[in-house]
Amino acid sequence: MSECGSYTLLKKSSQCRARLGRLYTARGNIDTPVFMPVGTQGTVKGVATEYLKESGAQIILANSYHLYLRPGTEIIKRAGGIQEFNSWRKPMLTDSGGFQIFSLNEIRKIKEDGAQFQSHIDGSRHFFTPEKSMQVQKDIGADIIMCFDECAPYPASYEYAKNSMELSLKWAAKCKDEFYKDDARLKQALFGIIQGSVYDDLRKISAQKMTEMDFTGYAIGGVSVGEPREDKERVIEVVEPLLPENKARYLMGVGMPEDLWEGVQRGIDMFDCVIPTRNGRNGQVFTSLGKLNIRNAEFRQDFTPLDPQCACPACKGYTKAYLNHLVRAQESLYLSLLSLHNIYFMINLMEKIRKALENDSFFEAKEEFFRKYYNRKS
RNA sequence: GGGGGUGUGGCAGAGUGGUCUAAUGCACCAGACUGUAAAUCUGGCGGGCUUGCCCUUCGGUGGUUCAAAUCCAUCCGCCCCCA
């Protein structure tokens, strides 16, 4: 029997660093490259679990910091784990709370041992340490869990980035010790997170030290925090060759359709992003012919589907004109339909990419995708 | 018939002599969103261009004044009360 989170490399592209693979978990195998929708509070915002399953999503995220605050880990534990609690019953991954050091920077303090947060819900104080994050993530019970790290902001000075990266290394070692204390690793996999901002030498050091610690998989964190696209792509190019071939590589918090192609091309296996759901709630829709904002006046009388190539409930059942009406009328149905559509889009995109890798035609597929995606006439 | 009130930008609604192209909200037109403090946020919203100015706006018309959305006259519309 395979170790949870173990990765099987099935095929390498002859054209680039892209790879086709399979990730094992006790709740099912995951075909990679994969896009993972984000469900911070144990729910992918606006999308009922049964619809999410129909989208073809293989694995979803949740956030340990948010679930720890509410409803609390005790309740999730009693429910039988997060996958039972939300009735997804398929692979899940939890983030450690490290991203909240970045996103909640106004109400937290970083210390040597961890980070003190002031709850955004009621103002109460909570100290998150690597050990605490491991305990919380064990209680939540996701199949893949992440080291507690500091996601540094952009821009960060070299000095800041270096200290931050070194702190994340120290915390990673503590996470590992805590995680392997019991037999949790039979059910869960722990991934390490590489930091170092946009500084190549820091990224290399982080990658070397992290791989020396020997985690089940590796993530590249601290990207898509405002840095130029070239920086993000260069960071992957610097880090990826240093990662072992027989383990999964996860680019955290990414991304846009462009990012998925560029990431896969550079050897990334896993992505997660709030974009499909958040942008969906804000009216932005991804289609094979490009992005559009369904709220815009041009769609008021457009009685065609969002994307004729899409099989999602929004495209099968409704027109742009109707969705435009739902958004303008603030009818809550649009939250669900647009979020779901965007998830379908990302999932389909990754399926397209995997198929291209099977045929070893990555660049042909990429070119075809963007020819249509950037040629939308409005 | 008598008395009182009121008319402001697409709508609602401030402003009652200069600092008014006129607050604010809504509507409208766009844009942003990347390990979710986000069904959120930002910008625009009379016209013109040389982007700093010019022209045109507060029911209509006429007046007072150096100056009027603001004061006066008159006309038109709407609302309320009493008969």
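Letters A, B, ... mirror the listed sequences (proteins, then strands); counts begin at 1. Just so you know, these numbers use all the heavy atoms, side chains as well, and skip hydrogens, waters and symmetry mates.
For RNA chain B, the span of nucleotides reached by chain A at under 4.0 Å from its heavy atoms goes, 5' to 3', from B:rC28 to B:rU40.
Taking atom C1' on both nucleotides, B:rU56 is separated from B:rU6 by 26 Å, rounded to a whole Å.
Residue contacts shown for A:Arg300 are limited to sugar-phosphate atoms, with no base heavy atom under 4.0 Å away. In this structure, A:Leu61 reaches the sugar-phosphate backbone alone: every heavy-atom distance under 4.0 Å involves primed, P, OP1 or OP2 atoms, never a base. Across all strands, A:Ser119 comes closer than 4.0 Å to no nucleic acid atom at all (heavy-atom distances). Within the 4.0 angstrom heavy-atom criterion, base atoms lie near A:Ile193.
Nucleotide B:rG18 has B:rC66 as its partner under the Watson-Crick or G-U criteria, with both atom distances under 3.5 Å. Nucleotide B:rC41 has B:rG31 as its partner under the Watson-Crick or G-U criteria, with both atom distances under 3.5 Å.
In the region residues 218-225 of chain A, proximity to RNA chain B at under 4.0 angstrom, judged on heavy atoms, holds for A:Gly222, A:Ser224.
Taken to the nearest 0.5 Å, the CG atom of A:Leu61 stands 11.5 Å off from the CD1 atom of A:Ile82.
Counted by atom type alone, A:Tyr218 and A:Glu240 present zero donor-acceptor pairs between their side chains at under 3.5 Å. For A:Lys247 and A:Thr216, the side-chain atoms include no donor-acceptor pair closer than 3.5 Å. With no hydrogens or angles considered, a side-chain donor-acceptor pair links A:Asp201 and A:Tyr158 at under 3.5 Å.
For NZ of A:Lys176, the number of neighbouring non-hydrogen atoms (other residues, nucleotides, ligands) closer than 6.0 Å is greater than 12.
A salt bridge links A:Lys181 with A:Glu178: the closest approach of a Lys/Arg side-chain nitrogen to an acidic carboxylate oxygen falls below 4.0 angstrom.
Looking at which nucleotide of RNA chain B each of A:Leu104 and A:Gly255 is closest to, the 5′-most match is held by A:Gly255. Positionally, the nearest nucleotide of RNA chain B for A:Arg229 lies more toward the 5' end than for the other of A:Arg229 and A:Arg281.
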